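Keep in mind it's a predicted model, so treat the numbers as computed, not measured. One is the number of the first residue; the rest follow in order along the sequence.
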Amino acid sequence: MFAQSPDVFRHAVRGFALYRSAALDPVLRELGSAGPAWARGSQFVFSQHCKQLRALGVSEERIQSIPHWQTADCLLGLERTVLAYTDGLVLDGGRVPDEVFRRTPAAPVRSEILQLPTSLHV
């Protein structure tokens, strides 16, 4: 599939470097991929993003809370925002309530979170 687009193919061959150089915090990026993987039942993708979260230093408690993030006290505000946003994209047909972003502290952070759909591979 990647070979159909030379730009996407180069991006894939370079190890998805675009995501590594993105402004979004890598922990938020990985949470934004792990959450939808869990929600859609993709065990392999979920496990790969959990490995990456561990490599980034995220505690096992926080990783294990992804399936029940709505009730997990160990997740930070922005982490919960990312998981709410990706749930809206993946589980609610792209409908994300405005309230999700009203609670996000800064406009630059909101624009970084909006980059997440480009990295979802579920």
Q: Begin from the C-alpha positions of Arg29 and Val82 and carry the test side-chain contact (heavy atoms from CB on, under 4.5 Å) through to its verdict.
A: CA-CA 8 Å; Arg29 183 192 64 234; Val82 164; over 6 Å; no

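A 6.0 Å sphere centred on CD of Glu61 holds no more than 12 heavy atoms belonging to other residues, nucleotides or ligands.
Scanning both residues, Ala39 and Asp87, for their nearest heavy atoms gives CB-OD1, 4.5 Å. Heavy-atom minimum distance, Tyr85 versus Val100: N-CG1, 4.2 Å. When all heavy atoms are compared, the tightest approach of Ala72 to Arg80 is O-NH1, 2.8 Å. Among all heavy-atom pairs drawn from Glu79 and Cys74, the shortest one is OE1-O, 4.4 Å.
At a threshold of 4.5 Å between non-hydrogen side-chain atoms, the residues Val27 and Leu31 count as touching.
Taken from NZ in Lys51 to NE2 in His49, the straight-line distance is 11.5 Å, to the nearest 0.5 Å. Atom CG of Leu75 is separated from atom OG of Ser65 by 3.5 Å, given to the nearest 0.5 angstrom.
Applying the side chain to side chain contact (heavy atoms under 4.5 Å, CB included) criterion to Gln43, with sequence neighbours excluded, gives no partner residue. The ring-ring contact (aromatic ring centres under 6.0 Å, His included) search around Trp38 returns Phe46, not counting sequence neighbours. In this structure, the salt bridge (charged side-chain N to carboxylate O under 4.0 Å, His left out) partners of Arg54, at least two apart in sequence or on a different chain, are Glu60.
Exactly one of Gln48, Arg62, Glu30 qualifies for a side chain to side chain contact (heavy atoms under 4.5 Å, CB included) with Leu53. That residue is Glu30.
Note: the hydrophobic cluster containing Leu56 also contains Ile66 (ILVMFWY, side chain heavy atoms under 4.5 Å, direct or indirect links).
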